[in-house]
Q: 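Take this structure first; my questions come after.
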Amino acid sequence: MGMFSNVVDMVRVKWQMRTAKVSLTADQEDLRYCYDVLQDVSRSFAVVIAQLNDAGLRDGICLFYLVLRALDTVEDDMSVPLDVKLRELPKFHKHTNDVEWSMTGVGKGRERELLENYPRVARAAQQLKEEYRVVIEDICERMANGMCDFLQRPVVTKEDYNLYCHYVAGLVGHGLTRLFANCDFEDSHLADDLTNSNHMGLFLQKTNIIRDYFEDILEEPPRMFWPKEIWGQYGEQLQDFKDRSNEKKAVECLNAMVADAVQHIPYVIEYLKPLRDPSIFRFCAIPQVMAIGTLAEVYNNAETFHVKVKMSRGASCRVMVHSTDLYNALGMFAEYCDTLLAKLDPNDASTPAIRKCLEEAKESIESLRKDQVPVPYMRSLMSHYPGLGGQLLLSLMDSVSVFFSGEHSAH
């Protein structure tokens, strides 16, 4: 049954990817180009963006992502001299208002092409409502300044680590929350306190940093963001963990990194709780459930230092299909907490801290789910895609349900 269920979920995700098309008019060629590039620079992200219900918010998030991806391409290209980065990054946010600016010879593939065709991004951005443009430019500027800070110094302390993750991911959480607050169907006070937004970004970024050890250590020169305050307790150099002779200490370090990441889970749960729009909820919830699933895979797993460890395709599809409402998403979160709890090594020094975080998270989840009504997958699907006749079918389903409910009570 489990294997069959995974196959069904994979078929559903395949169908979602095929049908997640954004309808644009003939005069929106620049925006069409932006969505096309998005498909290649982040396929999975493009799908959840395309499924956002509101066109204005959808376009805003698409361009927000592309602006930050272009910024990151400049920062990440090791062939670009440091002085050039320190000169270009702080003014990058201004280019969304400059339909003449572009950059050549930086990055690879479609990221390189994105910078070469940046005027198309700028022209598309001009069509966004002003509140969205302000957010995009502000977050871009703040992120660029943070990148410049860490281009000139390493990540040493846990404080450095949190600050770096704030610059490159927590600020994304800030920006998205501000965009949500400026649309017409989420609480306008959603962005009054951005604490939980920051933790959402930190949880994702720390998970990626842990998972990507193998890829990052192979770069020339390696770009690693594991804080020395943690890894320095287990080895002389971060590169030493590649050596299987150091496997015991490497795994202890890995588990300490996981312990540092799971502390953000309570804030993630609090962030998801007030979201109203189903498509925004899905957009926010799926990456977070994927993150806890990934941590369950890398925890105590020495292969993390030798290959890119990740969730199976079937497991990933299951998350994408079922993380559509608070009840079901938190249920999956709790499942992965259980998986991780079952794997905890009783002899590992990080185990008490991890167990405490996960057990507290489960208590919070159980409390929240008591007040929620589970939403069946087909109902979620039909309400999400009204173009399929979903609302009519939902009305029919509700009528039949009421009829049989009445019939049952009559007996």
Side-chain angles (χ1 to χ4, degrees), residues 6 9-10 13 42-45 47-48 161-162 164-165 168-170 172-173 199-218 224-227 230-231 241 250-269 271-272 282-324 328-345 348 350-351 353-355 357-358 361-362 365:
N6 280 347
D9 289 339
M10 285 190 277
V13 170
S42 180
R43 176 70 172 164
S44 58
F45 200 71
V47 171
V48 288
Y161 186 41
N162 285 328
Y164 171 77
C165 291
V168 299
V172 178
H199 284 282
M200 290 273 285
L202 265 60
F203 187 55
L204 295 184
Q205 187 65 21
K206 288 184 176 183
T207 299
N208 289 341
I209 286 172
I210 296 167
R211 179 200 62 191
D212 291 344
Y213 173 95
F214 174 69
E215 290 184 346
D216 292 342
I217 205 73
L218 294 178
M224 299 296 296
F225 299 99
W226 291 37
I230 292 179
W231 66 257
F241 298 140
V251 169
E252 289 176 1
C253 179
L254 172 64
N255 294 344
M257 291 289 289
V258 172
D260 177 81
V262 297
Q263 66 179 308
H264 302 289
I265 291 176
Y267 302 94
V268 170
I269 295 169
Y271 183 90
L272 295 174
R282 175 185 170 86
F283 176 87
C284 294
I286 288 174
Q288 302 294 329
V289 180
M290 290 281 198
I292 183 67
T294 300
L295 290 180
E297 292 291 333
V298 300
Y299 172 79
N300 215 42
N301 186 350
E303 289 306 300
T304 304
F305 299 98
H306 309 291
V307 296
K308 184 170 183 175
V309 175
K310 54 186 179 181
M311 296 170 64
S312 70
R313 185 181 298 273
S316 297
C317 289
R318 181 168 174 264
V319 171
M320 293 183 71
V321 166
H322 297 286
S323 298
T324 52
N328 287 312
L330 290 183
M332 297 200 71
F333 219 101
E335 282 184 33
Y336 283 117
C337 285
D338 283 334
T339 300
L340 192 41
L341 281 166
K343 288 184 175 183
L344 291 181
D345 180 352
D348 189 274
S350 299
T351 290
I354 297 175
R355 179 178 285 117
C357 282
L358 296 179
K362 282 195 64 184
I365 288 170

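Keep in mind that the numbers below use all heavy atoms, side chains included, and drop hydrogens, waters and symmetry copies.
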Q: Tell me which one of Asp348, Asn255, Thr351 satisfies side-chain hydrogen bond (donor to acceptor under 3.5 Å, both in side chains) with Asn300.
A: Asn255
Q: Tell me the closest heavy-atom pair linking Ile210 and Val258, and the distance in Å.
A: CD1-N, 4.0 Å
Q: Are the side chains of Ser350 and Glu252 in contact, using a 4.5 Å heavy-atom criterion?
A: no
Q: Could you give me the CA-CA distance, side-chain angles and deciding distance for His322 and Val289, then say whether side chain to side chain contact (heavy atoms under 4.5 Å, CB included) is met?
A: CA-CA 10 Å; His322 297 286; Val289 180; over 6 Å; no
Q: Please examine the side chains of Lys362 and Leu341, heavy atoms only from C-beta on, and report whether any two atoms are closer than 4.5 Å.
A: yes
Q: Can you confirm whether Trp226 sits close enough to Leu254 that some side-chain heavy atom of one is under 4.5 Å from a side-chain heavy atom of the other?
A: yes
Q: Is there a side-chain contact between Glu335 and Arg318 in this structure, where contact means two heavy atoms from C-beta onward sitting under 4.5 Å apart?
A: yes
Q: Tyr299 vs Asp345, test: side chain to side chain contact (heavy atoms under 4.5 Å, CB included). Steps then yes/no.
A: CA-CA 10 Å; Tyr299 172 79; Asp345 180 352; 3.8 Å; yes
Q: Pair Lys310, Thr294 - check side chain to side chain contact (heavy atoms under 4.5 Å, CB included), show working.
A: CA-CA 6 Å; Lys310 54 186 179 181; Thr294 300; 5.7 Å; no
Q: Donor-acceptor check, side chain of Glu215 to backbone of Asp212, threshold 3.5 angstrom: yes or no?
A: no
Q: Can you tell whether the side chains of Lys308 and Glu303 come within less than 4.0 Å, N to carboxylate O?
A: no
Q: Taking all non-hydrogen atoms of both residues, which atom of Ile292 and which atom of Cys337 are closest, and how far apart?
A: CG1-N, 4.4 Å
Q: Does any part of the side chain of Met311, heavy atoms only, come nearer than 4.5 Å to the side chain of Tyr336, both counted from C-beta?
A: yes
Q: Write down the atom of Tyr271, the atom of Cys284, and the distance for their closest heavy-atom approach.
A: CE2-SG, 4.0 Å
Q: Quick check for you: to the nearest 0.5 Å, what is the distance between Ile217 atom CD1 and Phe305 atom CZ?
A: 10.0 Å
Q: Measure from the side-chain N and O atoms of Arg282 to the backbone N and O of Met320, and report whether any donor-acceptor pair falls under 3.5 Å.
A: yes
Q: Any non-hydrogen side-chain atom of Val298 less than 4.5 Å from a side-chain atom of Tyr213?
A: no
Q: Using a 4.5 Å cut-off on heavy atoms from C-beta on, say whether the side chain of Ile209 contacts that of Tyr161.
A: yes
Q: Grab the two heavy atoms, one from Ala329 and one from Ala285, that are nearest each other, plus how far apart they are.
A: CB-CB, 4.2 Å
Q: Rounded to the nearest 0.5 Å, what's the gap from CD on Gln288 to OG on Ser323? Could you check?
A: 10.5 Å
Q: With a 6.0 Å cut-off on ring centres, are Phe45 and Phe283 close enough?
A: yes
Q: With a 3.5 Å distance limit and no angle check, can you tell me whether Asn328 reaches the backbone of Thr324 through a side-chain donor-acceptor pair?
A: no
Q: Provide the closest heavy-atom pair for Cys357 versus Val262 in the form atom of the first, atom of the second, distance.
A: CB-CG2, 3.9 Å
Q: I'd like to know whether the aromatic ring centres of Tyr267 and His199 sit less than 6.0 Å apart in this structure.
A: yes
Q: State, with a plain yes or no, whether a side-chain heavy atom of Lys206 is found less than 4.5 Å away from one of Asn162.
A: yes
Q: Using every non-hydrogen atom in the two residues, find where Thr304 and Arg211 come nearest and quote the distance to one decimal.
A: CG2-O, 4.5 Å
Q: Output, in order, the C-alpha distance, side-chain angles, deciding distance and verdict of side chain to side chain donor-acceptor pair (under 3.5 Å) for Lys343 and Asn301.
A: CA-CA 10 Å; Lys343 288 184 175 183; Asn301 186 350; over 6 Å; no
Q: Please test Gln205 against Tyr164 for side chain to side chain contact (heavy atoms under 4.5 Å, CB included), starting from the C-alpha separation and ending with a verdict.
A: CA-CA 10 Å; Gln205 187 65 21; Tyr164 171 77; 4.3 Å; yes
